[in-house]
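A quick write-up on the structure given underneath.
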Amino acid sequence: MDMTESTAAAGSVATTCCIAGGGPAGMMLGYLLARAGVDATVLEKHGDFLRDFRGDTVHPATMELMWELGLLDEFLKRPHHEEPRIGAQIGPTVFGFADFSHLPTHCKFIALMPQWHFLDFLAEQGRKLPSFHLMMQADATGLIAENGRIVGVHAMTPDGPVDLRAALVVGADGRHSTVRGAAGLAVEDLGAPMDVLWFRVSREDTDPPQTLGRVDRGHMMIMLDRGDYWQCAFVIPKGDIDAVRARGLDAFRAEVAAVAPPLADRTGEIASWDDVKLLTVAVDRLTQWWKPGLLCIGDAAHAMSPIGGVGINLAIQDAVAAANILAAPLKAGTVTDADLAAVQRRRMLPMRLTQAAQLFVQNNVINRVLASRKPIKPPLVLRLIDRVPWLQRIPARLVGIGIRPEHVRQPAAPVAPSAAAVTAGA
């Protein structure tokens, strides 16, 4: 992807805000801007949202936003599993870690919902708004620059190349963002000691209750309940994928069974390496999230570790802050660099503190677990939290709500009735 001066394309589309990336941050921002009356166009390079191995945790803070938007009841009709408490199993012992049942939110649980349901829901709600436009199979391939300012995006669609001219371009295209690369924004790499292997194993009614984290003798795995199967995230040392494959699939199945004995009779469902997907973990952040005409949010601005499953929540919070700050100037046609900088300032503290906490866990827990071949001794803080239940409210608040949670501040713009409705009313 590159940044070029404006050139002719097969088609041309004008919009007020062009958002590259149809993930949680991009879809939420597109919906909120359109709800406020801003013409917003979201580009999603795939033909659907069915990416199998994506984060599935919808946090209480996100569901609180759904309540503020009047969408919560409809949202909770989508398939999901509710977890009011989460814990960790170290060796044979289960420890309580976070109790969400006391949070000052309408939903006092984490919802495990396949991300395609979440994104489909936002798309469905967005299509009800005349200012919301979703272009599927539209891959941003370049930025359009004029006089030192980003003024649009080159995109490739099934019908050929298209130029989208916009007052603001938002990069919400994830941790491997091509938008931020094209813009030349500087990235600070904070490092990550692990990668993650995603796979699925069927779930039986006799399986023990969900505990999320399992740790034992150099192994760590997360299990997410998807109803009839477990979505599993097996943690490996950074860059160790070739060594894991070299040991063979039988050895990998044995490692899974060692850390999660209840699954031992089903590891054969991992039939080939095609059933195991690699997530290359990155923890980084832009030193500056914007340049004239361009803003990055979510993982494009700050790739998060999967620790705590908070990356989706942070991305959505970015989108809400961006909509709150930018909707009015976008409608007035007066977006300035100061407005873009204000979004970064608003979200900088939550991002930095969350990444600092993740780095602490990476360096002091995960590194030690992955390097050990002896039984893991539960840390004192985890034993204390387990023994004193009210302490479980602290990690629940940090994980479930986060630091400086955002709220919807922009009122919904009036939506004119359709011509059919007007005719029927007459």
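Between the OG1 atom of Thr15 and the CG atom of Asp39 there is a distance of 4.0 Å, given to the nearest 0.5 Å. Distance check: Leu359 CG to Arg352 CZ gives 11.5 Å after rounding to the nearest 0.5 Å. With values rounded to the nearest 0.5 angstrom, Met194 atom CE is found 13.5 Å from Phe234 atom CZ. To the nearest 0.5 Å, the span separating CD1 on Ile236 from CG on Leu278 amounts to 6.0 Å. Of the inter-residue distances, the one linking His46 atom NE2 with Trp116 atom CH2 reads 14.0 Å to the nearest 0.5 angstrom. The structure places CE of Met351 at 8.0 Å from CE of Met304, a figure rounded to the nearest 0.5 Å.
Shown here for Asp386 and Val94, the closest heavy-atom pair between the two residues is OD1-O, 4.3 Å. Nearest heavy-atom pair, Pro350 versus Thr354, reported as atom, atom and distance to 0.1 Å: O-OG1, 2.7 Å. Here the closest heavy-atom approach between residue Leu43 and residue Cys18 is recorded as CD1-SG, 3.8 Å. Nearest heavy atoms, Val259 versus Met220: CG2-N, 4.4 Å. When all heavy atoms of Pro306 and Val281 are compared, the closest pair comes out as CD-CG1, 3.6 Å. When all heavy atoms of Ile297 and Ala25 are compared, the closest pair comes out as CD1-CB, 3.9 Å.
Using bins of under 30°, 30° to 60° and over 60° for the plane-to-plane angle, the ring pair His302/Trp289 lands in the tilted bin. The aromatic rings of Phe252 and Phe199 stand perpendicular to each other, their planes meeting at an angle above 60°, with 30° marking the opposite boundary.
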I'd like to know whether Ile312 forms a side-chain contact (heavy atoms from CB on, under 4.5 Å) with Gln115, so could you lay out the CA-CA distance, the side-chain angles of the two residues, the decisive distance to 0.1 Å, and finally the verdict. CA-CA 10 Å; Ile312 297 172; Gln115 195 176 111; 3.6 Å; yes

Show, in sequence, the C-alpha distance, side-chain angles and deciding distance for Leu314 and Arg347, and conclude whether the side-chain contact (heavy atoms from CB on, under 4.5 Å) test is met. CA-CA 9 Å; Leu314 266 287; Arg347 298 302 303 156; 3.5 Å; yes

Yes or no on side-chain contact (heavy atoms from CB on, under 4.5 Å) for Thr57 and Glu83, after CA distance, side-chain angles and deciding distance? CA-CA 10 Å; Thr57 53; Glu83 287 287 350; over 6 Å; no

Apply the test side-chain contact (heavy atoms from CB on, under 4.5 Å) to residues Glu269 and Tyr229: give CA-CA distance (whole Å), side-chain angles for both, the deciding distance (0.1 Å), then the verdict. CA-CA 11 Å; Glu269 295 172 10; Tyr229 68 93; over 6 Å; no

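Atom CG of Asp73 has 12 or fewer neighbouring heavy atoms from other residues, nucleotides or ligands inside a 6.0 Å radius. Annotation: Arg368, atom CZ; neighbour count of heavy atoms from other residues, nucleotides and ligands within 6.0 Å does not exceed 12.
For Lys108 (side chain) and Leu103 (main-chain N/O), a donor-acceptor pair under 3.5 Å exists by modelled atom type. Between the side chain of Arg266 and the backbone N or O of Ser202 there is at least one donor-acceptor pair closer than 3.5 Å. The backbone N or O of Cys296 lies less than 3.5 Å from no partner atom in the side chain of Gln344, so there is not a single donor-acceptor pair. A distance-only check finds a donor-acceptor pair linking the side chain of Glu64 to the backbone of His106 [under 3.5 Å]. Side-chain N or O atoms of Thr141 include one that pairs as donor or acceptor with a backbone N or O of His154 at under 3.5 Å. The backbone N or O of Arg409 lies less than 3.5 Å from a partner atom in the side chain of Asn324, making a donor-acceptor pair. At distances below 3.5 Å, at least one donor-acceptor pair connects side-chain atoms of Asp318 with backbone N or O atoms of Gly298. Listed for the Asp275 side chain is a donor-acceptor partner under 3.5 Å among the backbone atoms of Ala271. Remark: side-chain polar atoms of Gln358 are paired, donor with acceptor, to backbone N or O of Ser305 under 3.5 angstrom. With hydrogens and angles ignored, the 3.5 Å screen pairs a side-chain donor or acceptor of Arg404 with a backbone N or O of Arg346.
Checked for salt-bridge contact, Asp299 and Arg175 meet the test: a charged N lies under 4.0 Å from a carboxylate O. With salt bridges taken as basic N to acidic carboxylate O contacts below 4.0 Å, one links Asp99 and Arg85. A salt bridge links Lys238 to Asp195: one of the charged nitrogens lies within less than 4.0 Å of a carboxylate oxygen. A salt bridge links Asp250 with Arg253: at least one charged nitrogen is closer than 4.0 Å to a carboxylate oxygen.
Residues Arg35 and Val408 meet the side-chain proximity criterion, which asks for heavy atoms closer than 4.5 Å. Side chains of Pro395 and Ile86 form no contact here, defined as non-hydrogen atoms less than 4.5 Å apart.
At a cut-off of 3.5 Å, with distance as the only test, a side-chain donor of Gln355 or Arg285 sits close to an acceptor on the other residue.
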